[in-house]
Amino acid sequence: MAGATGGVADVSARVPAAVTVAPYALVRTVALAAPEPSPDARAFRECAGRLVELTLLCEQVADVLCDGLYDRARTAAADVRARVLVPLRRDVHNRRSPRSGLRTALAGLDLGMPVLDTWLSARDEIDRTAARLALLGPSALRADRGALAGLCRSEDVQRAVALTSADLLRAVRRAAAQGAEPDKQGRKSEAAVLRYAMRAVTRTSPLSWFCHVGWGRWEDGAADPPAPRPAAVARVQRSLLDALVQAVLTRPQSRSAVDYRLAPGLCAEGPHLSYRRASPAVAAPGGAVREEKVTLRSTPALRLVVTEGRARGAVRQHDLAAAIAHRLAGPPRRAQGAAAAFVTSLVDQGLLQPVPPFDPQARDIVPEACRWLAGLGLPELAGTLAGIGSDTESYPRLPAAARPARLDRIRSRWSAAFSLAGAEPVSLRTPLTEDVVLPSVASLGRDHGKDCLPDIARLGPLFELFDGCTMLRRTTRDRFVARFGVGGTCDALADFADEMVAVREECDGAAPGGTRLGPGTRETDGLLRLRAELARLVPAAGPGAEAVLPQELLDEAARRTPAWIRRRPASYAVFVQPVPDGDSTRLCVNHVYGGWGRFTSRFLDQLDPAAGRQVSARIADALGEGERVAQVRPVGGFNANLHPRLVADEVSEAAAGGTLRPEQLQLFHDAEADQVRLRVTATGRPLSVLYLGFLMPSVLPDRWMPLVDDLGSGPVDLGGALAPSRPLGTALGPVGHRPRLRYRDVIVSRAQWRLPKEMVHAWRAELDRDPPVSAASRRRALLGIPEHVFIAADPGDAAGTGALLPYLARPRSQYVDLGSALHLRWLSRVLARYPGGVVVSEALPVPRPGTRAVEFVAETYRSQP
């Protein structure tokens, strides 16, 4: 156990509220470092930056100057007013330089306005700077294109884009070959090539060779480790395999050769029998569906099926039919036919469901599937699937140039497999997934932000208070007690699952930070009041300034966290990036999600073996000695939901797939702790359940809700709760602005600008009409936008709701360098990807030449009381 808490114990011991940071972190490193800029590119950037400064200076004096010119015009001679003052005021208002004739006329006047001299001087320098930018632009553009070509020559980038699109790979290879002088076809695809090349420089989310994943330990005096050569692992797309298996199971020839189990949520008490089955209407990706409750009149034959199913766990159709026929009167052949038809009808109605032919979490699942298919008398299909498995397993060793052909062969084999199974093929766009890992363990020290870990831990109480799942769990408790009473028990998890689904849907529709769900109670109203009081403790940030969380707020949060929240342990995964700040390093928070090893466990079987032991020990330590813990691992056709087992027990619907089955568990109200908990029915012992998958609970089958929500938490947006977006009046119109939020050396959230679609359309029109550097500089100056940004779709009303389908439909965010000639050339195209408005966020850290961006997933834990 010492290995699970050592390393940062001295750091976390000083943190209030017993929140600690795990001594390890998942490390996510981009594939490429930002390239060194050429002299021409640096000169262009400096001029663009100076243009922003001058534009801002003119904007700052414009109102005062306009008022002064208006006052002078009232007393000036008519010809001076008409020839000089009115046209000049019009130029100031329209933010343009006076024409030469007007400047000549001004030279003979003494208006006694120093602010006019400042403005004229700035306008003169703007004109000179714009002219210099026009001269520098072509050479800077060539330099940027040369740098882009260098990125495109990376084998890692080419390997990654091959998995995205063969057309994109051709475009990347063309850019690499043509360098600084692309032809017409190369320029046509340049915007897309730039987007993916920048992904390899700035985005730390794992996807093939774009990002490398490793393991690190927080240690004193750590230095950067030698960079090992990453290794890749490819896996068959599980959604395709699941669809193929389902097609085989529905074949009449297969039905007699597979095992069946009783449907989940079965209740056979009284005159009726009820169970759950998938609703015909598919409501979520990845094979997940909504469920419906089916009720049948109980009959002796049905009761016999339930008895046999419960006793055996898994049964064959002919065995059930034989048992039923044995009890039927009449000729044996007729009884056997009637019994067989009856059992087939139960399969059609979903009361009897096929048992998965292999462990869904098996890493080497293709050989198991092939053996199963061969056993069903489908050797050709088994051979085709074996070829898919072999092609997939060897895929990571292929160079980029050979990958499109291999992917085409895999897709062709999948199509053949579905044809052999007598089914229509499903989407084959991405037939495999590829993870790239770093095999060695990194030492993470001060340069990586280790000194900021105590500040991360001090934020722990705020994570819990502003986590929407906190309100969700309390509302679930209130509705459970209203239905079953104080200390009440729900014997079948599925009986309360629909209520939990309804609560979660209400939560998904609530505002970030937690609007009340239904009628308020003392506890939920108190939490909302506490959130509002804490938000009022954040001092307002002035224009261009950051908001700072005062220590008083953190102290209040730790002191006033309600007891009902603290009666269960908590864990959060904090995604942070180091930001160099002189001689020290800050940490910038990217996301805060639920912890418990969810974002580390996916990769543990590919990393150092000690990593899994460390995560398991840390979970056990947080949950407390003597606490029984089980893991639930639904795959749902989603490769990222393949996770190793980190605890001794597992809840599985397959009798042979785990140590506990859902029907062996109860939900109960723990009156002493005032919490809804799970417990093992036979022993009455409470059980904590971990769900470490990435599929959102809302897209999993309804019956899983009591299990996946037991220790569920996150996501948390402290920036939206404590420094929310407010209207900001600008010369371009109102925008939503959220200031940067910081606590000590932790940047809790980045500054953001929310631009409505009308403003984006106007910006695009200006970019298409004027030199892009001038149009971008004006926006930067008038809105206060920094040079390095990420541009993303405005989520609109879906912000913070957890709505999955709108999120998946939106294009991903894109890094944009507003000081780069190449990025500015395609800025209008970037904005066109987001027709509903955009959110512009400052890029922290700014990409540094020669340095690869890195992100750490640090976990906080608050132990079981």
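Only heavy atoms go into these numbers, but all of them, side chains included; no hydrogens, no water, no symmetry mates.
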Peer 1: Can you confirm whether more than 12 heavy atoms, excluding those of Arg769, are under 6.0 Å from its CZ atom?
Peer 2: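 Buried by this count: over 12 neighbours within 6.0 Å.
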Peer 1: Tell me whether the rings of Tyr593 and His591 are parallel (<30°), tilted (30 to 60°) or perpendicular (>60°).
Peer 2: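 Plane angle under 30°, so parallel.
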Peer 1: Does the Lys NZ or Arg CZ of Arg28 fall within the cation-pi geometry relative to Phe856 - under 6.0 Å from the ring centre and within 45° of the axis?
Peer 2: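 Checked: cation-pi criterion not met.
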Peer 1: List the atom of Cys152, the atom of Val193, and the distance in Å for their closest heavy-atom pair.
Peer 2: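 Heavy atoms only, the tightest pair is SG-CG1, 3.4 Å.
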Peer 1: Is the closest basic N to carboxylate O distance between Arg778 and Glu59 below 4.0 Å?
Peer 2: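 Glu59 and Arg778: not salt-bridged.
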Peer 1: State, yes or no, whether a side-chain contact exists between Gln577 and Asn590 at a heavy-atom distance under 4.5 Å.
Peer 2: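 SC-SC contact between Gln577 and Asn590 confirmed.
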Peer 1: Considering residues at least two apart in sequence or located in another chain, which fulfil the side chain to side chain contact (heavy atoms under 4.5 Å, CB included) criterion with Asp770?
Peer 2: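 Asp770: side chain to side chain contact (heavy atoms under 4.5 Å, CB included) contacts with Glu766.
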Peer 1: Check this for me: does any side-chain nitrogen of one of Arg159 and Glu434 sit under 4.0 Å from a carboxylate oxygen of the other?
Peer 2: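 Between Glu434 and Arg159 there is no salt bridge, as every charged N stays at least 4.0 Å from the carboxylate O atoms.
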Peer 1: So, are Asp144 and Arg825 salt-bridged, with charged N and O less than 4.0 Å apart?
Peer 2: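 Salt bridge between Asp144 and Arg825, a charged N being under 4.0 Å from a carboxylate O: no.
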Peer 1: Does any part of the side chain of Met759, heavy atoms only, come nearer than 4.5 Å to the side chain of Val735, both counted from C-beta?
Peer 2: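 Of all side-chain heavy-atom pairs linking Met759 with Val735, at least one is under 4.5 Å.
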Peer 1: Please work out whether the ring planes of Tyr815 and His788 are parallel, tilted or perpendicular, with thresholds of 30° and 60°.
Peer 2: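 Plane angle under 30°, so parallel.
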Peer 1: Going by distance alone, is a donor N or O of one side chain under 3.5 Å from an acceptor N or O of the other, for Ser97 and Arg103?
Peer 2: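 Distance-only check fails for Ser97 and Arg103.
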Peer 1: Does any part of the side chain of Cys588, heavy atoms only, come nearer than 4.5 Å to the side chain of Leu844, both counted from C-beta?
Peer 2: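 Touching, per the 4.5 Å side-chain cut-off.
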